[in-house]
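Here's the structure, in structure tokens; my notes come after.
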Amino acid sequence: MSEIENSIADTGSWIDPDHVRGPLQALYAKLDSEITAHGPVCLVSGRCCRFKEYDHTLFLSEAEASVLIADAPPPTRPLDDGATCPWQDEQGRCGARTARPLGCRVYFCDPNYDGHAERLTERFLAQVRNLVDSLGLPWNYARLHHHLHAAVASGRLRIEAAGDGFPEAQSDGPDAVPSWDPLDISPSDQ
Ligand code: SF4
């Protein structure tokens with residue numbers, strides 16, 4: 001059994017996205033507005049969602065995961081054991097933009113934005129926690145792939161299982177320049 005499978009504790013219950021969607025989206029809108037004020041630029045390098053390749057991990061609460069899974073279109077790529085996000089397409093774009101969780105929204109690799117992600121995460125994660133607690137819901141803050149594999153196991157998400165991310169994932173390093181035109185993406189419409 002894989003590490004991911006071992007980490008799935010309970011797939012028997014799940015937060016109903018209808019219980020949290022409205023207030024969570026209001027928090028996301030507030031967060032997006034603050035991010036916009038900082039003006040980070042996304043060059044669609046894709047590194048933010050290639051977890052293994054760039055050595056980072058996306059954590060999110062079960063409430064955020066429930067809304068992501070319910071509201072995002074079906075992933076276009078297979079589900080691996082944590083190397084990549086199945087919603088990231090092969091051009092590095094996110095297919096779950098409107099439903100993506102806090103951890104995705106705050107992350108930009110723009111050096112002019114350094115430090116803001118940590119401060120915004122601390123403040124807004126506390127607000128998500130307060131929301132979840134006020135509704136009497138479980139927190140269950142875990143890795144993205146914990147939530148996704150649990151959702152697949154319980155039939156709440158239909159997605160093809162796969163190996164280890166993009167076949168080209170090892171071909172470009174951290175300083176790789178994207179081959180497409182840079183996009184200035186406003187976080188408010190991500
Ligand atoms: S949901 Fe979107 S932004 Fe978040 S890790 Fe997946 S592809 Fe990246």
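For ligands, and for the atoms within them, numbers begin at 1 and follow the listed sequence. Residues take their numbers from the sequence shown, with the count starting at 1.
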Q) From atom 2 (Fe) of ligand 1, how many protein N/O/S atoms are found at a distance short of 2.8 Å? A) 1
(Q) Can you tell me how the ring of H116 sits relative to the ring of H38, calling it parallel under 30°, perpendicular over 60° and tilted otherwise? (A) parallel
Q: Using modelled atom types only, decide if a donor and an acceptor are shared between the side chain of E62 and the backbone of P138 within a distance under 3.5 Å.
A: no
**Q.** OG-OH distance between S45 and Y54, expressed to the nearest 0.5 angstrom
**A.** 6.5 Å
Q) Around D18, counting heavy atoms of other residues, nucleotides and ligands shown, do more than 12 lie under 6.0 Å from its CG? A) yes
Q: Give the atoms of ligand 1, by number and element, whose distance to some non-hydrogen atom of F51 is under 4.0 Å.
A: 5 (S)
Q. Does R100 make a cation-pi contact with W87, if we ask for NZ or CZ under 6.0 Å from the ring centre and within 45° of the axis?
A. no
Q. Does Y113 reach the main-chain N or O of I35 with its side chain, forming a donor-acceptor pair under 3.5 Å?
A. no
